[in-house]
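Below is one structure, written out as structure tokens; the observations come after it.
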Amino acid sequence: MDSIVVGLQWGDEGKGKVVQKLSRSHKWIVRFSGGPNAGHTVYHGNTKMVHHLLPSGTNENFLFISRGTLVDLETLNSEIKEISKIYPDIKERLFVSPYCRVITPIEKWQDGAIEKTKGKNSVGTTGRGIGPTVSNDANRVGIRLFDLFDQNHLKEKVDLLAEISNFGDQSIADELLSQFEKIKDRVLDPKVEGQILFEGTQGIMLDPMYGTYPYVTSTPTIPSFAFYGSGLKSEKYEVWGVFKAYTTRVGSGPFPTEIFGEAGDDLRKRGSEFGATTGRPRRCGWIDFPQLEYASNVSNVDHLVMTKSDVLNGLEKVGVCISYDKKIIPYDLGSLKPTIEYVKGWKNLESSEFADFISAIEHHVRRRIKYVSYGPSEEEIFQR
Ligand code: IMP
Ligand code: MG
């Protein structure tokens, strides 16, 4: 069976590690959305790697960056260089769709400029040029990878994009072409056969249509986009919804169960909650049942996977949001009043209090937790 792995919160749920675990029973690992704003941390043996663009597979997989993904060529090349030290034949197993949208220095500059103009209303983007790349593409002035096969055509397109964006620098086309040279032979749509794992990015609450708009990312994060974004089909698939035993968010926007002050700092320290892409401290809060239920429903999740369960070990009490005063409306999350209850903490994952915590989640979210992850390495996970 094929799989789609998505994050049920605001990103950083540990999808990379879960994808690595599930990758063992799939041939293809396919990225279909997001771009270098993602940061999936994966341990290959003892080597820690943050995957921004490369799918989180291993040397047993074929990797496909399909057309729904936004590509920053410099990031991609440096990631390939790094992972080649672990998997020397990686390039032979990697395919990048020629239809991928290319992030240029123009979009990265626009990202910063737009955020600055927004001032106190800024989204707190990762600064990777995601939003402007999507909007330039929608305006039909964006660059696609296939544009780079023809130098003169590319120069024309870059000139137009620069003119429309009031961007002065003339050297962009040459820079893009020299990066493209290194990856050119892998830019093709492969024939995909065998089991596929579609690797989602960010989280459902950051989806531009289903999340906390306008504090969202710019490419869809919901599982149905796996097919539109990749152009692939699946006869039979299951959707895995990954979430942390608590909640985090980077950037601005509503976060009903956020914990401020010392308790928030403590959770951040315990979970090492600092952004894998930007290094920013993540906002931390308790687990939020109505939010998880909402995200699971809009993405038709089949199974749940809970990560970072061990981070809460030893806490005297653990907060859980069990309801809001109103029906959950994502764009209006900021005005909802959460009811937070405190359950007894657990010493370790064998404790009965932890079993109760799991049951409460399964009851509220109305789905089974199939895997519980309790550490960064591939082995630190158990099946239920
Ligand atoms: P952008 O995707 O860089 O435009 O950022 C939009 C919002 O999504 C910001 O709040 C970012 O912090 C957040 N975001 C984007 N990518 C990730 C991610 O991979 N993990 C967590 N948050 C993310
Ligand atoms: Mg991340």
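Counting starts at 1 for both ligands and their atoms, in listed order.
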* Non-hydrogen atoms of Val216 versus ligand 1: any pair closer than 4.0 Å? -> yes
* Asked: Short N/O distance, under 3.5 Å, between Gly131 and ligand 1?
  -> no
* By salt bridge (charged side-chain N to carboxylate O under 4.0 Å, His left out) - contacts of Lys120 (at least two apart) -> none
* Asked: So which heavy atom in the protein is nearest atom 10 (O) of ligand 1, and how far is it from that ligand atom?
  -> Val250 O, 3.0 Å
* How long is the gap from CZ on Arg282 to CZ on Phe255, to the nearest 0.5 Å? -> 11.5 Å
* Less than 6.0 Å separating the ring centroids of Tyr371 and His303? -> no
* For residues Arg384 and Val372, report the shortest heavy-atom separation together with the two atoms involved. => CD-CG2, 3.7 Å
* To do: Select the closest option to atom 12 (O) of ligand 1 among Arg128, Arg249, Arg280, His40, judged by heavy-atom distance.
  => Arg280
* Asked: Does the ring center of Phe146 lie less than 6.0 Å from the ring center of Tyr99?
  -> yes
* **Closest protein heavy atom to atom 3 (O) of ligand 1, given as residue, atom name and distance to 0.1 Å** => Thr126 OG1, 2.6 Å
* Asked: So which protein heavy atom does atom 5 (O) of ligand 1 come closest to, and at what separation?
  -> Thr125 CA, 3.3 Å
* Report yes or no: does Ala38 have a heavy atom closer than 4.0 Å to ligand 1? => yes
* To do: Find all atoms of ligand 1 within a distance of less than 4.0 Å from any non-hydrogen atom belonging to Gly124, and give their numbers and elements.
  => 9 (C), 10 (O), 11 (C), 12 (O)
* To do: Taking only heavy atoms of Gly251 into account, list the atoms of ligand 1 that are under 4.0 Å away from them.
  => 10 (O)
* Metal site angle (apex the Mg ion (ligand 2)), OD1 from Asp12 and O from Gly39, 10 degrees -> 160°
* Could you establish whether Val123 and ligand 1 come within less than 4.0 Å of each other, counting only heavy atoms on the residue side? => yes
* Asked: Quick one: nearest non-hydrogen protein atom to atom 23 (C) of ligand 1, plus distance?
  -> Leu206 CD1, 3.7 Å
* Asked: Quick check: are there more than 12 heavy atoms from other residues, nucleotides or ligands sitting under 6.0 Å from CE of Met209?
  -> no
* Structure fact -> If you scan protein heavy atoms around atom 20 (N) of ligand 1, the nearest is Asp12 OD1, 3.2 Å
* To do: May I ask you to identify the nearest protein heavy atom to atom 17 (C) of ligand 1, giving residue, atom name and distance to one decimal place in Å?
  => Gln202 CG, 3.4 Å
* Asked: In terms of ring plane angle, is the pair Tyr374 and Phe382 parallel, tilted or perpendicular, where the classes change at 30° and 60°?
  -> tilted
* Taking distance alone, with no angle check, do Ser252 and ligand 1 share an N/O pair under 3.5 Å? -> no
* Minimal non-hydrogen separation, Thr221 against Gly203, with atom names -> OG1-O, 2.9 Å
* **Residue and atom name of the nearest protein heavy atom (relative to atom 2 (O) of ligand 1), distance in Å to one decimal** => Thr217 OG1, 2.6 Å
* Keeping to residues at least two apart or across chains, list the ring pair (Phe, Tyr, Trp, His ring centres under 6.0 Å) pairs with something in residues 176-204. => Phe149-Phe180, Phe198-Phe227
* Donor-acceptor pair between Gln195 and Ser25 side chains, under 3.5 angstrom -> no
* Structure fact -> Counting from 1 in the order shown, the ligand 1 atoms closer than 4.0 Å to a non-hydrogen atom of Trp10 are 21 (C), 22 (N)
* To do: Can you establish whether the number of heavy atoms outside Tyr342 located under 6.0 Å from its atom OH is more than 12?
  => yes
